[in-house]
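Numbering of residues begins at 1 and proceeds along the displayed sequence. Not measured: the values here are computed from a predicted model.
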Amino acid sequence: QVQLVESGGGLVQAGGSLRLSCAASGRTFSSYTIGWFRQAPGKEREFVAYISGSGSSTRYLDSVKGRFTISRDNGKNTVYLQMNELKPEDTAVYYCAADQGVVTTTQILEYDYWGQGTQVTVSS
């Protein structure tokens with residue numbers, strides 16, 4: 001089992017940057033794909049980015065490509081989401097999640113463990 005704790009959210013002006021962290025417990029962290037998802041008020045939760053267990057594979061939501069970068073440090077059991085050039089439409093609660101499947105996926109239902117989320121608010 002994996003426990004996930006997000007941190008790094010906050011209030012930032014448009015054009016600013018934040019780095020989210022997802023700290024995980026467990027000895028098999030490197031075997032999990034880690035995804036970042038977000039949910040804005042009144043909207044469904046959506047995929048933002050994922051990184052494979054080894055870090056060799058990543059994928060992004062089209063609207064964040066070139067602005068967000070996902071990375072991981074398996075020695076620290078932590079995944080990061082560097083968010084640059086933030087826009088008001090990036091405002092949401094951001095969640096990290098772990099998938100123990102062998103195939104990387106953007107599908108929310110495939111992720112087995114979830115953190116509690118961290119709020120990101122981008123002011124215009």
Judged by atom type as modelled, is there a donor-acceptor pair below 3.5 Å linking the side chain of [X] to the main-chain atoms of [Y]?
{"X": "Asn77", "Y": "Gly26", "value": "yes"}
{"X": "Asp112", "Y": "Gln100", "value": "yes"}
{"X": "Thr121", "Y": "Leu11", "value": "no"}
{"X": "Asp73", "Y": "Lys76", "value": "yes"}

Using side-chain hydrogen bond (donor to acceptor under 3.5 Å, both in side chains) as the criterion, list what pairs up with Tyr95, not counting sequence neighbours.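 Tyr95 satisfies side-chain hydrogen bond (donor to acceptor under 3.5 Å, both in side chains) with no other residue.
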Apply side-chain contact (heavy atoms from CB on, under 4.5 Å) to residues Ser17 and Gln82 and explain how you reach the verdict. CA-CA 8 Å; Ser17 298; Gln82 178 67 44; 4.0 Å; yes
Arg45 and Val93: CA distance, side-chain angles, deciding distance, side-chain contact (heavy atoms from CB on, under 4.5 Å) verdict: CA-CA 9 Å; Arg45 193 170 298 188; Val93 177; over 6 Å; no
Should Thr105 and Phe47 count as side-chain neighbours, where that means a heavy-atom distance under 4.5 Å?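 Counting from C-beta outward, Thr105 and Phe47 never come under 4.5 Å.
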Testing the basics here: between [X] and [Y], what is the closest heavy-atom pair and its distance to 0.1 Å?
{"X": "Ser56", "Y": "Ser52", "value": "N-OG, 3.3 Å"}
{"X": "Thr78", "Y": "Ser21", "value": "CG2-CB, 4.3 Å"}
{"X": "Thr33", "Y": "Arg72", "value": "CA-NH1, 4.4 Å"}
{"X": "Gln119", "Y": "Thr91", "value": "NE2-CG2, 4.1 Å"}
{"X": "Ser124", "Y": "Ala14", "value": "CA-CB, 4.4 Å"}

Counting heavy atoms not belonging to Gln3, are there more than 12 under 6.0 Å from its CD?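 Open: at most 12 neighbouring heavy atoms sit under 6.0 Å from CD of Gln3.
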Answer yes or no: does atom CZ of Arg59 have more than 12 heavy-atom neighbours from other residues, nucleotides or ligands under 6.0 Å?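 Not buried by this count: 12 neighbours or fewer within 6.0 Å.
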Can you tell me how far [atom2] of [Y] sits from [atom1] of [X], rounded to the nearest 0.5 angstrom?
{"X": "Gln13", "Y": "Ser123", "atom1": "CD", "atom2": "OG", "answer": "5.0 Å"}
{"X": "Asp90", "Y": "Ser63", "atom1": "CG", "atom2": "OG", "answer": "7.0 Å"}
{"X": "Gln107", "Y": "Tyr50", "atom1": "CD", "atom2": "OH", "answer": "10.5 Å"}

Are Ser71 and Tyr80 linked by a side-chain donor-acceptor pair shorter than 3.5 Å?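 No - no donor-acceptor pair under 3.5 Å links their side chains.
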Begin with the C-alpha distance, continue with both residues' side-chain angles, and end with the deciding distance and a verdict on side-chain contact (heavy atoms from CB on, under 4.5 Å) for Arg38 and Lys43. CA-CA 10 Å; Arg38 66 187 181 187; Lys43 295 188 177 181; over 6 Å; no
If you link ILVMFWY side chains whenever their heavy atoms are less than 4.5 Å apart, which other residues fall into the same cluster as Met83? By chain and number, please.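 Met83 clusters with Val2, Leu4, Val12, Leu18, Leu20, Phe29, Tyr32, Ile34, Trp36, Val48, Ile51, Tyr60, Leu61, Val64, Phe68, Ile70, Val79, Leu81, Leu86, Tyr94, Tyr113, Val120, Val122.
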